[in-house]
Amino acid sequence: MSPFLSANPHLRTANPPTSDVEVVSRIDAVKTVLRVLTRTTGLRLAVVARVTPESWTCCAVLDEMGFGLKVGDTLAVSTTFCNTVRTLDGPLRVNHASRDPRFMNHPAPKMYNVESYIAVPLYRRGGEFFGVMCALDSNPADLTDDALETFRHLGDLVGYQLEQEEALTERDSQLMGAHEATVLREQLMGIVSHDLRNPLNAISLSAATLMRRTDLDDRARRGLRRILDSSDRANRLIRDLLDFTHVRTGMALPVKPQPMNLHELAEQVVDEVRLTAPGRSLDLVCEGCGRGNWDPDRIAQVMTNLLTNAVQYSGADALIRVEARGDEREVVLAVTNPGTPIPPALLPVLFEPMTRGTTEGSEHRSVGLGLFIVNQIVRAHGGAVDVVSTEEAGTTFRVHLPRGC
């Protein structure tokens with residue numbers, strides 16, 4: 001058990017599941033929502049908890065901090081920040097608890113070493129308080145208003161799903177009807193595509209506008225560059241989540257093939273990655289005919305995901321090789337990077353969602369959808385993608401694209 005809690009008398013280990021825990025466990029999207037919360041905030045522990053004046057019960061958890069909390073575990077409610085959310089009946093954000101006059105004497109930082117915390121309340125169908133969706137960390141954080149707004153939207157989504165599950169339980173049903181599933185899918189896609197993209201676009205536009213100023217010192221420019229890079233990663237994450245939702249709800253991944261030159265697109269994407277990864281070495285080789293019928297936006301998405309992976313999982317001085325070679329039947333795109341090889345046991349499941357080839361580079365906090373989306377896009381073009389990874393030759397992803405999709 002985690003050193004945070006191993007000696008703490010207020011933690012009671014997992015109990016038999018209560019009806020509240022079972023209801024939350026049946027909401028498949030909760031796992032994805034918790035992962036989105038950790039990736040967008042940088043906090044390493046995300047929880048959905050049932051909170052009453054008498055008790056605190058963990059209903060769902062994503063623990064990347066080694067906190068030791070499991071579904072069904074309970075805490076003395078008075079020792080938690082979640083009790084503050086219950087009494088306030090509103091959201092709460094804490095960036096550095098032990099230095100915050102409001103919370104420096106609160107039990108949470110003293111007993112659990114919780115320094116950063118962000119949460120929104122969850123409600124039942126009739127407006128009754130159910131509990132809290134929160135994320136926390138033992139390290140201080142800089143949690144923004146945009147992060148809190150993201151929590152509000154995703155909290156509304158989880159609250160909606162909670163309503164649906166409780167209604168279905170009353171009807172002795174374990175499965176969503178077709179209508180409820182459609183509404184849930186549309187709400188999830190609407191939240192991700194609109195409500196989350198709008199603040200990100202505002203951040204990107206503001207940072208890009210400030211970068212044009214001539215009176216900025218190097219430190220300010222580096223800070224703005226980090227903001228732009230982070231918003232770009234978040235936008236790629238949102239696009240991947242939308243594509244994942246399309247596939248998981250039975251819809252075909254949309255592609256719009258048109259005549260294009262893959263060699264020209266490869267040059268453009270490599271140049272863009274060079275701008276976002278200054279100092280990294282990327283070598284592009286194009287041979288043969290690069291013309292064919294493909295969706296240029298989708299193929300650019302494939303290239304960007306593969307190149308981002310190569311940059312993330314190789315050393316700062318590593319040379320990343322990109323090759324685009326055409327023959328009579330197809331064009332083969334290959335991206336190669338040195339570094340720790342992918343474990344053989346992971347190769348068969350590498351293109352499944354939420355899978356990473358290695359733990360290296362985890363500070364970039366990838367959700368693990370990039371290769372899944374690459375595979376889906378390539379399959380939608382009638383092609384295939386494979387990977388070879390060895391200590392000597394490095395890791396090479398090859399994308400085979402038939403010319404006449």
Side-chain angles (χ1 to χ4, degrees), residues 229 232-233 236 240 260-292 294-344 346-348 350-351 355-364 366 368-379 381 383-403 405:
D229 290 345
D232 286 344
R233 284 197 299 271
R236 288 197 299 271
D240 285 350
M260 58 165 285
N261 190 322
L262 191 139
H263 292 343
E264 294 177 356
L265 183 64
E267 292 178 0
Q268 176 184 331
V269 172
V270 168
D271 285 343
E272 290 173 356
V273 173
R274 285 190 180 117
L275 289 175
T276 59
R280 299 304 302 267
S281 298
L282 284 79
D283 184 29
L284 173 63
V285 175
C286 296
E287 293 183 355
C289 177
R291 297 192 176 279
W294 307 292
D295 184 327
D297 290 336
R298 289 297 190 180
I299 300 303
Q301 190 178 356
V302 167
M303 294 181 184
T304 300
N305 281 353
L306 292 179
L307 283 172
T308 300
N309 264 15
V311 169
Q312 181 174 336
Y313 294 113
S314 60
D317 58 348
L319 173 64
I320 297 169
R321 301 195 310 275
V322 184
E323 302 174 36
R325 304 182 187 276
D327 60 25
E328 293 181 0
R329 298 181 302 106
E330 64 179 10
V331 176
V332 178
L333 174 72
V335 177
T336 302
N337 65 274
T340 304
I342 299 169
L346 284 180
L347 291 175
L350 193 59
F351 296 102
T355 301
R356 294 194 189 99
T358 174
T359 57
E360 289 185 8
S362 58
E363 69 274 8
H364 292 277
S366 164
L369 292 177
L371 294 178
F372 172 78
I373 299 302
V374 164
N375 191 38
Q376 294 297 319
I377 293 173
V378 173
R379 290 174 60 185
H381 283 82
V385 56
D386 57 58
V387 58
V388 176
S389 187
T390 65
E391 187 76 43
E392 298 76 21
T395 299
T396 299
F397 286 89
R398 287 188 177 84
V399 174
H400 301 261
L401 292 170
R403 292 186 185 277
C405 166

Counterpart residues, side chain to side chain donor-acceptor pair (under 3.5 Å), relative to [X] (two or more places apart):
X    : result
R298 : D243, Q301
R325 : E287, E323
E272 : Q268
R274 : D271

Among residues at least two apart in sequence or on other chains, which ones pass side-chain contact (heavy atoms from CB on, under 4.5 Å) with [X]?
X    : answer
S389 : P341, I342, T395
N261 : H263, E264, R291
A318 : R280, S314, P338
L319 : S281, D283, R321

- request: Mind jotting down which residue pairs meet the salt bridge (Lys or Arg N to Asp or Glu O under 4.0 Å) criterion with at least one end in residues 384-399? Sequence neighbours excluded, please.
  value: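 Those involving residues 384-399 do not exist here.
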
task: Hey, could you give me each pair passing salt bridge (Lys or Arg N to Asp or Glu O under 4.0 Å) that has a residue in residues 335-344? Not counting sequence neighbours.
output: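 Counting only pairs at least two positions apart or across chains, no salt bridge (Lys or Arg N to Asp or Glu O under 4.0 Å) contact touches residues 335-344.
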
Check: [Y] and [X] side chains under 4.5 Å, non-hydrogen atoms:
X    : Y    : answer
V302 : L401 : no
H381 : I299 : yes
F397 : L371 : yes

task: Determine, stepwise, if the pair L333 / V322 fulfils side-chain contact (heavy atoms from CB on, under 4.5 Å).
output: CA-CA 7 Å; L333 174 72; V322 184; 4.1 Å; yes

If you compare all heavy atoms of [X] against all heavy atoms of [Y], which two are closest, and at what distance to 0.1 Å?
X    : Y    : answer
A300 : L265 : N-CD2, 3.8 Å
V335 : A310 : CG1-CB, 3.9 Å
P296 : W294 : CD-O, 3.2 Å
L262 : A324 : CD2-CB, 3.8 Å

task: Could you grab the distance from atom CZ of F372 to atom CD1 of I377, nearest 0.5 Å is fine?
output: 10.5 Å

message: Which residue is it: T390, T336, N337? I am looking for the one with a side-chain hydrogen bond (donor to acceptor under 3.5 Å, both in side chains) to T396.
response: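 So, applying the side-chain hydrogen bond (donor to acceptor under 3.5 Å, both in side chains) to T396 and each of T390, T336, N337, only T336 qualifies.
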
